[in-house]
There are 2 protein chains.
Amino acid sequence: MSASDLTPEEPDPATLDRVFAALADPVRRAILRRLDGRDLLVSELAEPFAISLQAVSRHIQVLVRAGLVTQERTGRISRCRLDAGPIYQAAVWVNHYSKYWQAQFDTLAVWLDEIERRKPAASPTAARPRLKRARRA
Amino acid sequence: MSASDLTPEEPDPATLDRVFAALADPVRRAILRRLDGRDLLVSELAEPFAISLQAVSRHIQVLVRAGLVTQERTGRISRCRLDAGPIYQAAVWVNHYSKYWQAQFDTLAVWLDEIERRKPAASPTAARPRLKRARRA
DNA sequence: CCCATATTCAACCGCATGCTTGATTATCAA
DNA sequence: TTGATAATCAAGCATGCGGTTGAATATGGG
């Protein structure tokens with residue numbers, strides 16, 4: 001899908017700043033992963049981490065400010081829900097460069113096909129080795 | 001490193017940290033955009049920005065440390081080249097959530113269809129903006 | 001050689017981040 | 001009312017970031 005179909009060419013830079021900055025932390029990424037498909041309380045969210053509850057609470061606030069999480073308070077509990085909307089903007093941005101790794105993979109695929117073609121009757125059970133992601137030279 | 005490198009479940013967190021952090025700055029994103037398709041010198045890269053050359057040089061170093069830019073020095077000049085490889089890891093991460101915005105667009109499409117259906121003979125020239133349907137994962 | 005050019009290094013400043021511990025607010029339950 | 005629970009607020013600390021200016025390091029050209 002073309003990026004211009006549903007979003008402007010360059011979305012709000014400040015939004016992109018906040019989203020990418022929010023994603024630049026392993027705890028926050030793990031929080032988003034845990035919110036994938038279910039809503040969780042702050043304390044439930046904090047449980048697997050080796051840091052204080054307060055620290056997790058602040059991580060959640062960072063995610064809220066980035067628009068990636070919404071909180072709905074009922075009584076003393078606060079249920080956290082994922083909002084993947086802003087991630088879409090990040091996805092549009094990074095996917096602009098997909099041509100590069102696709103070209104890389106296409107080249108690799110052609111190369112592997114070439115190897116396959118030169119092989120003198122490979123064993124039928126031995127599948128072709130999986131494509132390893134090309135590390136930069 | 002295994003076969004899962006192509007579509008890694010969880011790539012190296014530190015790499016992801018550096019890549020997302022590098023993308024969380026408008027100057028660095030603009031640098032990457034300007035390097036899309038051509039290599040540029042540091043001074044050429046710095047030209048459109050209202051900050052000092054030293055500041056741009058440090059931004060480039062951040063991008064180099066994130067693996068997004070490589071520098072080839074010949075003499076006193078330093079030619080900068082984009083390496084989109086690490087962006088692929090970021091793309092894999094964010095595209096994991098594509099199901100959400102695709103669902104959103106599907107919902108929007110259904111909603112627009114509903115409106116269309118209730119309209120009593122819409123004007124022929126004013127076409128409803130076409131919504132490209134996102135591919136179902 | 002002499003000087004301009006290209007880039008980086010170094011020191012500094014202001015501010016944000018990530019974590020801690022302790023206090024506070026608010027709610028539920030006995 | 002009393003007390004436990006859920007979550008946030010607040011202060012403090014170490015670290016890192018983004019910007020500046022000034023100096024240093026090559027390198028190329030006259």
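Throughout, protein chains are lettered first and strands after them, A, B, ... in sequence-line order, and every chain is numbered starting at 1.
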More 5' along DNA chain C: A/G75 or A/R65, using each one's nearest nucleotide?
-> A/R65
Check every strand shown and say whether [X] touches a base, only sugar-phosphate, or nothing at a heavy-atom separation below 4.0 Å.
X	answer
A/E44	nothing
B/L53	base
A/R79	nothing
B/R73	sugar-phosphate

[X] and [Y]: which non-hydrogen atoms are nearest, and at how many Å?
X	Y	answer
B/L35	B/C80	CD2-O, 3.4 Å
A/R28	A/A22	NE-O, 2.8 Å
B/L32	A/W93	CD1-CH2, 3.9 Å

Check: A/R29 side chain, A/L23 main-chain N or O, donor-acceptor pair, under 3.5 Å | yes
Can you give the first and last nucleotides of DNA chain D, 5' to 3', that have an atom under 4.0 Å from a heavy atom of chain A?
-> D/dA4 to D/dC9
Can you find an N or O donor on one side and an acceptor on the other, under 3.5 Å apart, linking the side chain of A/Q54 with the base of C/dG18?
-> no
Checking only heavy atoms, does the side chain of B/R76 share a donor-acceptor pair with the base of C/dT5 at less than 3.5 Å?
-> yes
If you compare every side-chain N and O of [X] against the phosphate oxygens of [N] (OP1, OP2), does one of them come in below 4.0 Å?
X	N	value
B/S43	C/dT7	yes
A/S52	C/dT20	yes
A/H59	C/dT17	no
B/Q61	C/dC9	yes

Can you hop from B/V42 to B/F49 via hydrophobic side chains spaced under 4.5 Å?
-> yes
